[in-house]
Amino acid sequence: IAMSGLEQSTHALEYLTPALAGWEGCGAKLNLSFFLAGNAETYRRAGLDKQALQALDKAIRHAIHNSENFYDSALYRIRGELRAAGGTPSVLSAEKDFREAIEIARQQGAKMLELVGAISWHRSSTGGSDRSRNALEAALRNFKESDADTPEVQEAYDLLKEKQKV
């Protein structure tokens, strides 16, 4: 997963895919949704969006089946980003995923994950709507202006200013 973050996605897949198969083959299930999300991100960086969506769908099924919910918000956000990039007819599915990611984060009291989900929605191809703007503003209300030194909070403020100019 780290190799993928260093722009070595194709190389990372050579290691990650068999490692995950081995992990599952041993019967290991703990944190599998997290690792599948990393696998999906690696596929996405390699331009393999179909495989990325399949990995995310598998991660979401695993999380539901095993009550492994700590990474749910991120799973739906990442899937929303992929679907938004896919264009119509995925746009409605993407918006649904972004809404789900934000709602899960709210239920978990994960303010930063809520903000990240709202940012992703607002800057996606489905974003820029009143609904995504409202979600971004609501998520941003969880933070003080003094929190603007965090990259996510600053990005949210910048997005709102940028959209006002348009």
Side-chain angles (χ1 to χ4, degrees), residues 1-10 12-13 16 33-60 63 69-166:
I1 296 172
M3 290 174 79
S4 173
L6 297 171
E7 305 302 322
Q8 299 175 22
S9 302
T10 305
L13 287 170
L16 187 55
S33 59
F34 171 79
F35 292 113
L36 286 167
N39 197 29
E41 289 278 24
T42 303
Y43 279 128
R44 179 167 73 165
R45 288 183 181 118
L48 302 169
D49 290 353
K50 182 179 177 184
Q51 291 89 332
L53 283 168
Q54 289 171 346
L56 286 166
D57 288 342
K58 183 175 180 179
I60 290 168
N69 305 115
F70 75 98
Y71 212 61
D72 286 356
S73 178
L75 294 173
Y76 284 97
R77 175 189 51 80
I78 296 165
R79 191 170 73 175
E81 291 170 356
L82 276 163
R83 285 178 166 173
T88 310
S90 299
V91 170
L92 292 175
S93 297
E95 184 171 329
K96 183 179 176 189
D97 282 339
F98 287 128
R99 288 173 175 262
E100 185 72 14
I102 291 165
E103 183 56 33
I104 289 167
R106 281 185 188 143
Q107 290 172 1
Q108 293 177 341
K111 295 175 185 178
M112 190 58 76
L113 290 177
E114 178 185 351
L115 183 62
V116 170
I119 288 170
S120 289
W121 181 15
H122 198 64
R123 75 175 132 115
S124 76
S125 62
T126 66
S129 69
D130 288 341
R131 291 183 306 279
S132 69
R133 180 180 184 79
N134 291 342
L136 184 57
E137 288 172 343
L140 200 49
R141 282 194 287 275
N142 292 318
F143 299 89
K144 300 178 231 137
E145 260 190 74
S146 62
D147 294 324
D149 61 339
T150 61
E152 296 85 358
V153 173
Q154 186 58 55
E155 182 178 1
Y157 280 120
D158 291 346
L159 274 171
L160 290 173
K161 287 177 192 170
E162 178 182 305
K163 296 291 182 173
Q164 284 177 341
K165 293 178 185 176
V166 175

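Treat the numbers as computed from the prediction; the structure is a model and nothing was measured.
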Asker: Please report the interatomic distance CZ(R79) to CG(D97), rounded to the nearest 0.5 Å.
Answerer: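 It is 4.0 Å, given to the nearest 0.5 Å.
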Asker: How far does CG of L56 sit from CZ of R44, to the nearest 0.5 angstrom?
Answerer: 8.5 Å
Asker: What are the two closest non-hydrogen atoms of A37 and A59, and how far apart are they?
Answerer: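 Distance-wise, the nearest heavy atoms are N-CB, 4.5 Å.
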Asker: Tell me whether N39 contacts the main-chain N or O of F35 through its side chain, where contact means a donor paired with an acceptor under 3.5 Å.
Answerer: no
Asker: Please report the closest heavy-atom contact between A139 and L115, naming both atoms and the distance.
Answerer: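 For A139 and L115, the tightest heavy-atom pair comes out as CB-CA, 3.8 Å.
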Asker: Might you point out which heavy atoms bring A55 and A40 nearest each other, and give the distance in Å?
Answerer: CB-CB, 3.9 Å
Asker: To check you understand the geometry: which heavy-atom pair defines the closest contact between A63 and S33, and what is its length?
Answerer: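 Minimum heavy-atom contact is CB-CB, 4.2 Å.
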Asker: Dump the intermediate steps for side-chain contact (heavy atoms from CB on, under 4.5 Å) on Q154 and D149, then the final yes or no.
Answerer: CA-CA 7 Å; Q154 186 58 55; D149 61 339; over 6 Å; no
Asker: Would E137 and R141 satisfy salt bridge (Lys or Arg N to Asp or Glu O under 4.0 Å), going step by step from the backbone distance to the final call?
Answerer: CA-CA 6 Å; E137 288 172 343; R141 282 194 287 275; 5.0 Å; no
Asker: Between N134 and R131 (side chain of the first, backbone of the second, donor and acceptor by atom type, cut-off under 3.5 Å), is there such a pair?
Answerer: no
Asker: Could you tell me the separation between the CG atom of L136 and the CZ atom of R123, rounded to the nearest 0.5 Å?
Answerer: 10.5 Å
Asker: Which pair of heavy atoms, one from G80 and one from A94, lies closest together, and at what distance?
Answerer: O-CB, 3.4 Å
Asker: What verdict does the side-chain contact (heavy atoms from CB on, under 4.5 Å) test give for L159 and I119, after you've listed the backbone C-alpha separation in whole Å, the side-chain angles of each residue and the deciding distance to 0.1 Å?
Answerer: CA-CA 8 Å; L159 274 171; I119 288 170; 3.8 Å; yes
Asker: To the nearest 0.5 Å, what is the distance between CD1 on I60 and CG on N69?
Answerer: 11.5 Å
Asker: Working to the nearest 0.5 angstrom, can you tell me the gap between R83 CZ and Y76 OH?
Answerer: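 The CZ atom of R83 sits 9.5 Å away from the OH atom of Y76.
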Asker: Please collect all side chain to side chain donor-acceptor pair (under 3.5 Å) contacts where either partner lies in residues 98-107, sequence neighbours excluded, each pair once.
Answerer: E95-R99, E103-Q107, R106-E114
Asker: To check you understand the geometry: which heavy-atom pair defines the closest contact between A148 and V153, and what is its length?
Answerer: CA-CG1, 3.6 Å
Asker: First locate atom CZ of F98, then atom OG of S132, and finally report the distance between them rounded to the nearest 0.5 Å.
Answerer: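 Separation between the atoms: 9.5 Å.
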